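These notes are about the structure you will find just below.
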Amino acid sequence: MNALDRNIKTGPPPIRRLTEAVANRIAAGEVVERPASAVKELVENALDAGARQIAVDLAEGGRALIRVSDDGHGIAADALPLAVERHATSKLADDDLVNIHGFGFRGEALASLAAVARLTLTSRPADADSAAEVVVAGTAGAAAPRPAARTTGTTVTVEDLFFATPARLKFLRSARAEGQAVADQLRRLAMTAPAVAFTLSDVTDPAHPRTLIDLPACSGTPEGALKSRLKAIMGAQFTENALPVLAERDGFHLSGLAALPTYSRGNASAQFLFVNGRPVRDRLLGGALRAAYIDALPKDRHGVVALFLAVPPEAVDVNVHPAKAEVRFREPGVVRGLIIGAIRHALAEAGLRTASTVTAGLLGAERSPPPPNRIYQMDRPSQTARHAAHAAAAPS
Ligand code: ADP
Ligand code: MG
C-alpha cells in the first residue's frame with residue numbers, strides 16, 4: 001500500500017512538531033558530514049573567539065575523538081548550556097544577516113555535534129576564577145555546568161562521532177582518509193589566520209602522539225605573514241614559482257599568489273580560495289581559475305593559487321550553504337572578470353602569455369620579478385586585461 005492509498009483509507013497523518021533532538025540531528029546532517037566538517041566548525045569558533053593558538057587532536061581519523069583547544073576569550077560558565085543549544089549565537093548582535101564579520105552566525109554547530117556525538121565543552125574566560133564544562137550526548141540535552149580544570153580558553157571534545165546516526169557512520173572512509181581531509185581543512189583555515197599558531201596531532205595511541213601539522217604563528221606585515229604561512233603550507237617551491245596577484249574593481253579587492261603555468265597540478269586540490277576571509281569551494285571561482293589559465297595550461301592541468309577576495313558584505317550571500325563552503329555573489333560576472341583579468345595580467349607581466357612561451361630560462365634568473373605591490377586597476381585596463389575581462393563577460 002502506498003502513501004496515497006493509506007491516506008485515502010485513514011486520512012492524512014497528523015502534522016507534529018519534531019523534537020529538539022531530532023531537529024538537531026537533521027540539522028547535523030547538513031553541518032557535520034564528516035570529521036573534517038566538525039573540525040572546520042570548531043576551529044572557526046576558536047578563530048571567532050580571538051584565539052592565538054589552536055590545537056586539534058584526532059583519534060582514528062576523528063571518528064573516536066576530535067578535540068579542539070584554543071586560548072580565545074572563552075565562554076562564561078552560565079552560558080555553556082546555551083552555547084550547545086540550536087539557534088543560539090553570540091555573533092549576531094542584532095538580526096542583521098548582511099554585515100557578518102566572523103565565521104559563525106547560524107548558532108548550530110555545537111548543537112549539531114552534540115546531536116550526533118558525545119560533546120564536552122570546557123571553557124574558562126580570562127576573568128573567571130575557574131573553568132566549567134557541560135557534557136551533551138545524543139538526545140540528552142546539556143546537564144548543568146560542573147567545575148573543571150583548564151587555563152583560559154576553550155576545549156571542545158567530540159567523542160564517538162555519529163554514534164547516534166549509524167547511517168552516517170557507514171559513509172566514513174578510512175581513518176587515514178578522514179585524517180587527511182581534516183588536515184586539508186585545517187590548512188585552508190590556517191591560511192586565513194597567519195598570526196595564529198595551529199597544530200594537528202594524531203592521538204590514536206595516546207602514548208605516542210604524532211604531530212601531523214605544526215604551523216607556528218607568522219609575524220610581520222599582513223602580506224609578509226601570509227607569505228610565510230603559504231610557504232609553510234604549500235612549500236617554498238610554490239612561493240618561488242608564484243606571482244603576486246593584486247586587483248581592485250568597484251570595491252572588490254583580490255590579492256594573493258598564482259603559480260606559473262609550469263608549476264601546475266593534475267587536479268584542483270591546490271587551489272585555495274577565500275571570500276572575505278572564509279575558505280570557499282565555489283564553482284564560479286573554480287571556473288574563473290580555469291578560464292584564467294586556459295591559454296597557458298593543457299586541459300588536464302590545474303593552476304595552483306591562493307587567492308583572497310574581499311567584497312562588500314552586501315555583494316555576497318554567505319548563507320546559501322549550511323557549512324558555508326559556497327557563497328553567492330550578487331554580480332558573479334564582476335568577480336569572474338576580476339579573477340581572470342588579474343591572473344592573466346600577472347602571467348602576462350611575467351612574460352608568460354601562453355604555455356608555448358614557457359622555457360626553462362623564464363623560470364630561472366632571467367625572469368625579472370613583477371613589480372611588488374602593484375595595484376592593477378581594472379577601470380584602466382591594459383589590452384590583455386581588457387581582452388580577458390571581455391572574454392569573461394561574454395556568455396560561453
Ligand atoms: P555560531 O558559531 O554560529 O555562533 P556555534 O554552535 O558554533 O554557533 O557556537 C555557539 C556559541 O558558542 C558561539 O556563538 C560562541 O558564543 C560560543 N562558542 C563556541 N565555541 C567557542 C570557543 N571556542 N570560544 C568561545 N566561544 C565559543
Ligand atoms: Mg560556530
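Ligands are counted one by one from 1 in listed order, and the atoms in each one are counted from 1 as well. All figures in this text were calculated on a predicted structure; none of them were measured in a lab.
Scanning the protein heavy atoms around atom 2 (O) of ligand 1, the nearest turns out to be K91 NZ, 2.7 Å. Nearest protein heavy-atom neighbour of atom 23 (N) of ligand 1: D70 OD2, 2.8 Å. Here the protein heavy atom with the shortest distance to atom 26 (N) of ligand 1 is I75 CG1, 3.2 Å.
Side-chain atoms of T157 and T120 form no donor-acceptor pair, as typed in the model, at a separation below 3.5 Å.
Of the residues V203, D202, T204, the one that meets the side-chain contact (heavy atoms from CB on, under 4.5 Å) test with P209 is V203.
Checking only distances, N45 does come within under 3.5 Å of ligand 1, N or O to N or O. The shortest N or O to N or O distance between L110 and ligand 1 is below 3.5 Å. Some N or O of G107 is nearer than 3.5 Å to an N or O of ligand 1, by distance alone. Considering backbone and side-chain atoms together, A109 places an N or O closer than 3.5 Å to an N or O of ligand 1.
If you take CG on L18 and CG on N24, they are separated by 10.5 Å, rounding to the nearest 0.5 Å.
In summary, the atoms of ligand 1 found under 4.0 Å from a heavy atom of G74, numbered by their order in the structure, are 25 (C). Close approach to G104 involves these atoms of ligand 1, each under 4.0 Å from a residue heavy atom: 2 (O), 3 (O). Residue contact check: T89 has heavy atoms under 4.0 Å from atoms 1 (P), 4 (O), 14 (O) of ligand 1. Heavy-atom proximity to E108, at under 4.0 Å, picks out these atoms of ligand 1: 6 (O), 8 (O). Numbered from 1 in the order shown, with element, the atoms of ligand 1 that lie under 4.0 Å from a heavy atom of A88 read 10 (C). Interface atoms of ligand 1 facing A49, defined by a heavy-atom separation under 4.0 Å, are 24 (N), 25 (C).
Summarising the local packing, CZ of R118 is surrounded by 12 or fewer heavy atoms from other residues, nucleotides or ligands at distances under 6.0 Å. Heavy-atom contacts from other residues, nucleotides or ligands closer than 6.0 Å to CZ of R290 number 12 or fewer.
Using a cutoff of 4.0 Å between basic side-chain nitrogens and carboxylate oxygens, R124 and D70 are not scored as salt-bridged. A salt bridge does not link E178 to R63: none of the charged nitrogens lies less than 4.0 Å from a carboxylate oxygen. Ion pairing between a basic and an acidic side chain is recognised when a charged N comes within 4.0 Å of a carboxylate O; E223 and K227 show no such pairing.
Residues V304 and Y263 share a closest heavy-atom pair of CG2-O, 3.5 Å.
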Practice problem: Show your reasoning for whether side chain to side chain donor-acceptor pair (under 3.5 Å) applies to K91 and N45. | Solution: CA-CA 10 Å; K91 298 169 195 175; N45 280 347; 3.0 Å; yes
Quiz item: Does the pair T155 and R150 meet the rule for a side chain to side chain donor-acceptor pair (under 3.5 Å), with working shown?
Solution: CA-CA 9 Å; T155 296; R150 69 154 292 136; 2.3 Å; yes
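Contacts between L42 and ligand 1, counted as non-hydrogen atom pairs separated by less than 4.0 Å, are absent for every part of the residue. Heavy atoms of T154 found under 4.0 angstrom from ligand 1 belong exclusively to the side chain.
Look at E41 and you'll find every heavy atom at least 4.0 Å from all atoms of ligand 1.
Not one N/O/S atom of T89, from backbone or side chain, sits under 2.8 Å from the Mg ion (ligand 2).
Remark: among candidates A46, A83, A51, S90, the nearest residue to atom 15 (C) of ligand 1 is S90, based on non-hydrogen atoms.
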